[in-house]
Structures are given as C-alpha cells and as structure tokens.
**Q** 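I have a structure I would like to understand better, so I am pasting it below and will then ask my questions one at a time.
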Amino acid sequence: MTASTDPMIRLDSARRMSHGEQLARQARKTPDKIAFKFEGRSLSFLQLDERVNRLARALAARGVERGDRVAVLMTNRLEVVESYLAGCRLGAVVVPVNFRLAAGEIAFIVDDSGSKALLVDDGLAGMARAVRAEQTALSTCLVTGGAEAEAGEGAESYEAALAAASADPVVVDVPESDPAFIMYTSGTTGRPKGAVLSHFNLLMNTLNLMITEGISGDDEVWLSGLPLFHIGGLNGILPYLILGGTSVILPSGQFDAAQVVGMLEAEAITGCYFVPTQWQAICAVPGVSERSLSLRRISWGASVAPPSVLQAMADTFRGVANYNAFGQTEMSSVTCVLLGEDAVAKMGSVGKPVVNVEARIVDDQMVDVAVGEPGEIVYRGPTVLQGYWNNPEATAEGFAGGWFHSGDVCRMDEDGFIFVVDRKKDMIISGGENIYCAEVEAVIDAHPNVKEVALIGIPHERWVETPRAIVVAVDPGDPPSEEDVIKFCRERLASYKKPTSVVVVDELPRNASGKILKTVLRDEYGK
C-alpha cells in the first residue's frame, strides 16, 4: 500500500476527524510528546504513528481492506492501542474481544462478525488456537511476544509483521459515517449482540466527555485502569489522544490501591476512573491525602457508590472535581453524568443527560411518564449506535418509535435528575461486569441434573453483586451439588459469569402466566 498521490483524496483525508487521523495530526504537531505508557515502556506520538502505519500495511498486505473486520484479543497493553488505531486508519472495523470469555464464546464473536484477522497477545495464544479450531473465517493471526507457535499453524509474529512493513504514511479516506468498532454486549437470549459504532459516534462521545469534564489541555495525563476491550476503556483514552495528552495504562486484573496511589503521584495523573469499591480501597491507603497529586478530576461508575465512599472521596481529594458516568455500549457510551457537588444531595441518581444526548422516560406506548413515575429511558443523538451487526430484528426492536430503547427503567425527579429503578434487561452487575441472567441460565439448564433454573444477584462486599443460581433438580433425591453446578459453568462461561452460590428448591415461584417471579426469589434468597 502506498500513500495516495491524488490531492483531493489527501485533502478529504485531512478533513477527517477519525481517531486514526487524529493520531497522525498529533504526530505532526508534537512528535516527541509521550502518547502512551505501559509497564515502563512508552511511545511518543511519532513512534506510535509509525507503528500504526506498519500494522495497517501489514494487515493490508494480508488482504484486510476497508470494511473488513479485525478482532483484537488482548489484555491491556500498548499493542491494543496500536491495533485499534491501525484498524481505524485502514478503514477496517475493529472487534474488541473480552479476553475473559471462554473459547466457544470468543469463536461465536469472531464468526458472527466475520473477522478476517485476529490480533492476540502471547498470554492468550493458547486461547487463539482453540478459537481458530472452531471453523472461523480467520485468514490471519498475528501474535505478540514470540508466541505464534502456541496460537496454531499459520499464526505469525506481530513484531515481525511490523518490521517487514513500511512506516510510510497510510492515506485512506475513511468517512466518519463508516463503522469503526463492533462492541459485543452480552445478550438476554444467550447470544451477544454486536453494537456497531461509527467514527462519528465515538468522536461525539469524546467531545461530550471533554465538554462535561473540562478535559482541555495537552498537559492532561489519564490513568487507564479499565479493560481496553470495554467501551469505557476505549473511550477513556480518546480525549487525551485528540488533545495530545498522555495515557498511562494499568495491567489487566492487577489492581493494587497502594500502587495506584503511587502512580497518581509519580505520573502526575490529572484524571482517572475507578469503580466505587476501588475508590474505597484507594481512599484507605495511609497518607493518600498528603501525597503530591495533580488530579483535576476523578470519575466513577458501573455501580452505585455508598454514601461512605462518596464522603471518603470528597475528604481525600478535596477540591478535585468528581463525576459519576452512566451509559451503555450502544450509546458510545456515556449518556448521563452526576457531578460531585450533587452526589450527596441526589444520592442514587445517575445525573442528567450530557451534551448531544436527548433522553425521555416513557411507557410502553412511548408516552412520557409523569415526573417521579418509572418508565423506560430512551435516547436520541449523534452517539446512538448504527445498529446491531447481523441482527436486524434486534435493531428494529431497539429503535422502535424512532428512539433508542435502553432497557433501563428509570424515573426523573422535579430537578431533572435521573434515577435507575430497575432493568428491563435482566442483568447483574458484578465488579463492573454486566452478567445477563438468560445467558447463564441457558448454560445451567443444560446440566443433566437441573430441571429449571433462575439466576439472581446477591450483595457482595467487594463486587457489589454476585450471581446466585436457584435450581430445581431433575431428581429431588439426587440434586446437583453447588460445586458441580459452578464447575459446569466455569467450563462453559467466562469465570465472572459463573454463580458463586447455588440454592436447590422444590419449585420456582410463578405468576398466572407462568413467568418466574424473580422478585419473590430475591426477597427469599437475595440476601
């Protein structure tokens, strides 16, 4: 691939605001500025830009073209960022994959998206081998860390592929309306749905965050503790990329509060996001309020923060702006923000809609409900997804009435603050991870000793919620053990989805229509 010599194509590309072009712009403006750091390694904007060009060319040489899908199966690392931006630059559609999923779950995502290439890190090479054995359409597999042999026949070295490619600029005119990412969300029917997000969707969400949280200078430094396969992890780094700031990436699954406090100080972090339980641990680190910190804003979300945690954050980080972000993948993702100044007075609220997001709370006939009454929150605006990949039925259902249906039951108070009441989509949030009951129930239902099952969430000191399975045995005289059910799930699901406790009952409570009454189960077994 060579850079286009057509001046009109080059001019069109220069007008674009896609994040692939944003990187090139920053590389020209501030080539030596550090863009990303990870475990002692750093990349300047110029170095990152050159590696992204090499990867884009390596993929193009292997047949990846504009519109083709590229799956990325990696833990947090610099290569994730390179992979995402190379896809954007090439006009390919990036498919981030949750590395915690089981091989069968990953294979479904790769197959459903029709991914032509898989980029994987050395620690997940064995998983890649299992996925590639599932009759997928993959024709290319690039592996970091010299572990290509572990990923199976035909897998290649990520670094060797980059070394063999040119770092010359890649000029592909990628309109902002093109799909940029397919972010798979767990489905209520047992299969995940791929939310198609355009370059424009992500750009508008990025600008929303910059406006709402006052992210405005190239001296900003972001501490990225979220998984980069999550929409929140992706969106966290994008404002800093546009501004020419720096993002410091934390390793996956290695949260240590004392280490985080040390990094906040050493890296002069200006902004970061953690879930409430993590903030609780950070605030409990001895001497944290006396450290020389550069924080301008702190953010939290994924679950409700108890008053004690909010107070601890306010006491520990005096004068630092505090934000609670609420949203969902389909909205690219933030829809509402609660400012720290309102956190106590509006305890439990998710705040008000951000710039460019219009929200209503409606009944089943799409009529606005009265103030204080519950209804489904629906959205419009430039951050709404393009649709669900390969799923026109779900797309039609999600956009019924011309607004995007969130599945969240909310109410709005007289001051315009929104409160989440319940979820139409039966979901448990455990440690910030969404667990959809129908998906887990479908697995447990396949257990030979289980006749029926219902999944509920119960309180957990660390994870806020954790799944509990309520099962009816095929043979009441020989019910499945708790260990047996959990082991059965562990072999078929991501570990965080498996129930952590099992209760065997004679029958499940139902209403007159035969629907299981989970409210009754929560009252009896949800403590």
Side-chain angles (χ1 to χ4, degrees), residues 181-189 191-198 201-202 204-205 208-209 212 230-232 234-235 301-304 323-338 346 348-389 391-413 416-429 432-439 457 465 518:
F181 286 79
I182 302 176
M183 310 291 291
Y184 276 82
T185 64
S186 294
T188 57
T189 58
R191 286 296 192 184
K193 295 181 292 186
V196 181
L197 304 180
S198 69
N201 286 152
L202 294 172
M204 287 297 101
N205 185 79
N208 282 344
L209 290 173
T212 302
H230 270 184
I231 186 66
L234 168 63
N235 281 331
S303 62
V304 175
Y323 301 92
N324 171 22
F326 173 75
Q328 61 191 114
T329 301
E330 290 91 338
M331 288 297 297
S332 304
S333 58
V334 177
T335 61
C336 301
V337 168
L338 179 69
K346 296 295 182 179
S349 171
V350 295
K352 296 181 178 181
V354 297
V355 178
N356 290 327
V357 171
E358 186 179 7
R360 296 167 57 204
I361 299 178
V362 301
D363 61 20
D364 289 342
Q365 285 72 49
M366 286 291 290
V367 176
D368 290 358
V369 301
V371 170
E373 292 298 314
E376 184 180 15
I377 188 167
V378 296
Y379 301 112
R380 284 199 310 198
T383 62
V384 177
L385 79 162
Q386 292 188 323
Y388 291 108
W389 183 264
N391 200 332
E393 296 83 6
T395 300
E397 181 182 353
F399 287 91
W403 292 67
F404 175 69
H405 290 253
S406 69
D408 291 319
V409 178
C410 300
R411 64 178 176 84
M412 182 184 293
D413 72 8
F417 286 84
I418 293 170
F419 295 76
V420 177
V421 177
D422 202 348
R423 305 180 186 97
K424 276 193 171 182
K425 301 171 182 177
D426 197 8
M427 184 174 71
I428 298 166
I429 301 179
E433 294 279 5
N434 293 346
I435 302 172
Y436 288 84
C437 294
E439 181 183 15
E465 277 187 301
K518 288 198 174 181

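FYI, side chains are in, hydrogens and waters are out, and symmetry mates aren't considered; it's all heavy atoms of this structure.
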**Q** Using a 4.5 Å cut-off on heavy atoms from C-beta on, say whether the side chain of Tyr379 contacts that of Thr335.
**A**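 Of all side-chain heavy-atom pairs linking Tyr379 with Thr335, at least one is under 4.5 Å.
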
**Q** Write down the atom of Thr329, the atom of Ala195, and the distance for their closest heavy-atom approach.
**A**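 Here Thr329 and Ala195 meet closest at CG2-CB, 4.2 Å.
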
**Q** Considering all heavy atoms of both residues, which atom of Cys410 and which atom of Ile377 are nearest to each other, and what is their separation?
**A** SG-CG2, 3.7 Å

**Q** Once side-chain contact (heavy atoms from CB on, under 4.5 Å) is applied, do any residues pair with Gln365, and if so which ones, sequence neighbours excluded?
**A**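 With neighbours one apart ignored, the set is Asp363, Val367.
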
**Q** Taking the side chain as every heavy atom from C-beta outward, state whether Phe404 and Val378 have any pair of such atoms under 4.5 Å apart.
**A**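 Contact flag for Phe404/Val378 side chains = no.
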
**Q** Counting distance only, does the side-chain N/O of His405 pair as donor-acceptor with the main-chain N or O of Phe399 below 3.5 Å?
**A** no

**Q** In this structure, which one of Thr212, Leu209, Asn324 forms a side chain to side chain contact (heavy atoms under 4.5 Å, CB included) with Val337?
**A** Thr212

**Q** Please list every donor-acceptor pair under 3.5 Å in which a side-chain atom of residues 348-360 meets a protein atom from a residue at least two apart or in another chain.
**A**
| from | atom 1 | to | atom 2 | distance (Å) |
| --- | --- | --- | --- | --- |
| Ser349 | OG | Gly351 | N | 2.8 |
| Ser349 | OG | Ile418 | O | 2.8 |
| Lys352 | NZ | Asp415 | O | 3.2 |
| Asn356 | ND2 | Asn208 | OD1 | 3.2 |
| Arg360 | NE | Asp368 | OD1 | 2.7 |
| Arg360 | NH2 | Met366 | O | 2.9 |
| Arg360 | NH2 | Asp368 | OD1 | 2.7 |

**Q** Can you name the closest pair of heavy atoms from Met204 and Pro382 and give their distance?
**A** CG-CB, 3.6 Å

**Q** Can you confirm whether the side chains of Tyr388 and Glu330 place a donor and an acceptor under 3.5 Å from each other?
**A**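 Yes, Glu330 and Tyr388 have a side-chain donor paired with an acceptor closer than 3.5 Å.
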
**Q** Are the side chains of Asn201 and Val384 in contact, using a 4.5 Å heavy-atom criterion?
**A**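 Of all side-chain heavy-atom pairs linking Asn201 with Val384, none is under 4.5 Å.
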
**Q** Indicate the atoms forming the closest heavy-atom contact of Cys437 with Lys518, along with that distance.
**A**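 Smallest heavy-atom distance, with atoms named: CB-NZ, 3.5 Å.
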
**Q** Please report the closest heavy-atom contact between Ile231 and Leu197, naming both atoms and the distance.
**A** CD1-CD1, 3.7 Å

**Q** Would you say the side chain of Val420 lies within less than 4.5 Å of the side chain of Phe326, judging by non-hydrogen atoms?
**A**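 Yes. Closest side-chain heavy atoms under 4.5 Å.
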
**Q** Hey, does Ser332 have a side-chain heavy atom less than 4.5 Å from the side chain of Leu385?
**A**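 SC-SC contact between Leu385 and Ser332 ruled out.
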
**Q** Got Leu338 and Lys346 here, is their nearest side-chain heavy-atom distance under 4.5 Å?
**A** yes

**Q** Rounded to the nearest 0.5 Å, how far apart are OG1 of Thr383 and CD of Gln328?
**A** 9.5 Å

